[in-house]
There are 2 protein chains.
Amino acid sequence: MPKTKETFAYPAVAVDALVFTIQGDQLQVALIQRGIEPFKGCWALPGGFVRPGEALEEAVKRELQEEVGADGVYLEQLYTFGDPERDPRGRVISVAYFALVAADNLRDLKASTDAVDARWFPLHDLPTLAFDHRRILDLAVNRLRAKLEYSTIAYALLPHAFSLTQLQKVYEIILDRPLDKRNFRKKILSMDILEQTDRRSGGAHRPASLYIFKNREVTFF
Amino acid sequence: MPKTKETFAYPAVAVDALVFTIQGDQLQVALIQRGIEPFKGCWALPGGFVRPGEALEEAVKRELQEEVGADGVYLEQLYTFGDPERDPRGRVISVAYFALVAADNLRDLKASTDAVDARWFPLHDLPTLAFDHRRILDLAVNRLRAKLEYSTIAYALLPHAFSLTQLQKVYEIILDRPLDKRNFRKKILSMDILEQTDRRSGGAHRPASLYIFKNREVTFF
DNA sequence: ACAAAAGTGTTTAGGTTACACCCATGA
DNA sequence: TCATGGGTGTAACCTAAACACTTTTGT
C-alpha cells in the first residue's frame, strides 16, 4: 500500500456480478439471498470483497466459481459505483461486472458464504434488491441490449453449435421484441461471422442446420 | 468501514482524469509532470486519491479544479483499473474519468501537489506516460470517437454558439479524417438537435450563421 | 395426412455517399 | 477585385423493412 501522505482513503473494494443466462425462453439473472445484515433476507447481486493481491477480474471469477459454479463465461467490466452512502456499513466501492453463461454450461446455483439461498430470476419477475443493486442491474441490461446490436456477444449464451432460430430467439428475448425471420437470417449471414456445419438439429420436426461462430470471441461490427 | 470478516482488502482508491480539449486544430490532453517517485519526471494523467466520504465524481471534480482550473466540463466514467502490479508502491485501484473542456473555457494549467509542471499535449505528439496511463489514454480516445458518432457530446468542446464549420472541424479532428461539408450539414441539421440563432460570426470573410444545441446535455441518437 | 418448425426473394423506402459551383464579406 | 470561407442539390448506391408460401421431418 502507498505510504505517501496522499493516501487519505482506504475504502473497501468489492466486486459485484451480473450473471445472465437464457433459460425457458427468458433472460434470467443470478441472485443470492443475504443471510446477514444489512439487508438480511433480501435478494442481492452475488459479489464480495477483493482480496489483497487479487486482480478485479480474478475476484469476480472466484465469486462466479463459488456461487454460480460456471466457467468459460463471457466477462466484461460494467461500471464502478462509489457513492459514500451506498452501503450502510461504510465506504464500499464496488466494481460491477456482467457475465454471460450459456444454458448448456449451467450447474445449480450454490448459496455461498453469507448467503442462505441462490436462484435464477427472470427479468420480468424480480424481487426487490438490496443496496443500489436494482440500478446496477438496469444498467447492465441496457448495456447487454446495446452490445447485442453491434457485437457477437450472443455466442456466450448459446451452445457451441446452434440453429439460426436459436440465435434469433436469443436476440428476441434480450431485445424483448419479435424479429423478422428472413431479415434476421439475411443480415446475420451477410456478416460472415457464422460457419455452417454439416450437423443438423434433432427434434420432432424438420431438422435445422447448425452453425458455429467463426471466432469464439466478441468482435464488433 | 465494514467491520465484517469479509473485508480482506483495503487497497487505495484513486481517480485519474483524461481531460480533452481542442486547441490549434488538434485534440489535446492535459498531463502533469510528476515531481515525486515513482516515475519522477515522467508525464502522467492528473489524478489523486479519493478522500473519505467523497464520491468518486466529486474527487475527479476536485482534481480538475486544482489542476485544470476548469468547471462546467462534461464528465463521464471510463473504466476502472485494478491490476495489483499497476502501481509499484502497492495496490492502487484507479477509476478513470474522461472530461471535455471547451476551448473558450480554458484557464492555464496549474501544476498542483506533487507535480512540477502541467501542460496540454496534442495526441499526435505525446511523451511516454507513467504507470499504465498510455493504455488508459488509448481507451479514452476510442470511447470519445465512438461516442461522438452516436451522441451530442461535441457540445462540450465548443462555445455556446458556433458555426457548422466549427462543429464539423471538431468531428474531423477527433475522428482524424475529413468529412464532406454538404453531407455533414445535411445530417446534423436533419437530426433536429441544433437551433439557428440570428447571430453571425465575425472574421475576415463571409460571416457564418451561429447555432446552439437545443439541449445542452448529452443525448443519444 | 397432419402438425410443426425450417427455409427462402422481392419490392419499397430511407439513408449514405460522391461530387462542384456560386455567394458574401473584408482587405 | 481578389482571397477566403459560407452555403447549397441531385443522382447512384446500399441497407433496412415489410411481407407469405413451400419444404422437410416425426408422429
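In what follows, every heavy atom counts, from backbone to side chain, and hydrogens, waters and symmetry copies are set aside. Quick note on labels: first sequence line is chain A, next is B, and so on, each numbered from 1. What you see is a predicted model; the values in this text were computed from it and never measured.
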Does dG6(D) have OP1 or OP2 under 4.0 Å away from a side-chain N or O of T165(B)?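 The answer is yes; a side-chain N or O of T165(B) sits under 4.0 Å from OP1 or OP2.
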Start at the 5' end of DNA chain C and walk down; is the nucleotide closest to D180(A) or to S201(A) reached first?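 Upstream on the strand: S201(A).
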Where each residue is assigned the nucleotide of DNA chain C containing its nearest heavy atom, which of L189(A) and G203(B) is assigned the position nearer the 5′ end?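 This one resolves to L189(A).
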Side chain [X], main chain [Y], donor-acceptor under 3.5 Å:
X       : Y       : result
T21(B)  : V101(B) : yes
Q168(A) : L179(A) : yes
Q33(B)  : G41(B)  : yes
S151(A) : V218(A) : no

Tell me what S190(B) touches on the nucleic acid: a base, only sugar-phosphate, or nothing, going by heavy atoms under 4.0 Å.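 S190(B): no heavy atom of the nucleic acid under 4.0 Å.
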Would you kindly give the [atom1]-to-[atom2] distance between [X] and [N], to the nearest whole Å?
X       : N       : atom1 : atom2 : answer
R206(A) : dT24(D) : CZ    : C1'   : 5 Å
H205(B) : dC2(D)  : NE2   : P     : 16 Å
N183(A) : dA16(D) : CG    : C1'   : 7 Å
L210(B) : dG7(D)  : CG    : C1'   : 14 Å
L179(A) : dA17(D) : CG    : P     : 10 Å
R200(A) : dT23(D) : CZ    : P     : 16 Å
Q168(B) : dG7(D)  : CD    : P     : 12 Å
F184(A) : dA18(D) : CZ    : P     : 16 Å

Interface limits on DNA chain C, where chain B has a heavy atom under 4.0 Å of a nucleotide atom: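 First and last nucleotides in contact are dT17(C) to dG26(C).
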CG of D108(B) to CZ of R119(B): how many Å apart, nearest 0.5 Å?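 Atom-to-atom, D108(B):CG and R119(B):CZ are 12.5 Å apart.
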At what distance, to the nearest 0.5 angstrom, does CG of D180(A) lie from NZ of K187(A)?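 Separation between the atoms: 12.0 Å.
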Taking for each residue the nucleotide of DNA chain D bearing the nearest heavy atom, is the 5' side occupied by A204(B) or by K186(A)?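 By nearest-heavy-atom nucleotide position, the 5'-most residue is A204(B).
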Parallel, tilted or perpendicular: which one describes the rings of F162(A) and F213(A), with boundaries at 30° and 60°?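 Ring orientation, 0 to 90° scale: tilted.
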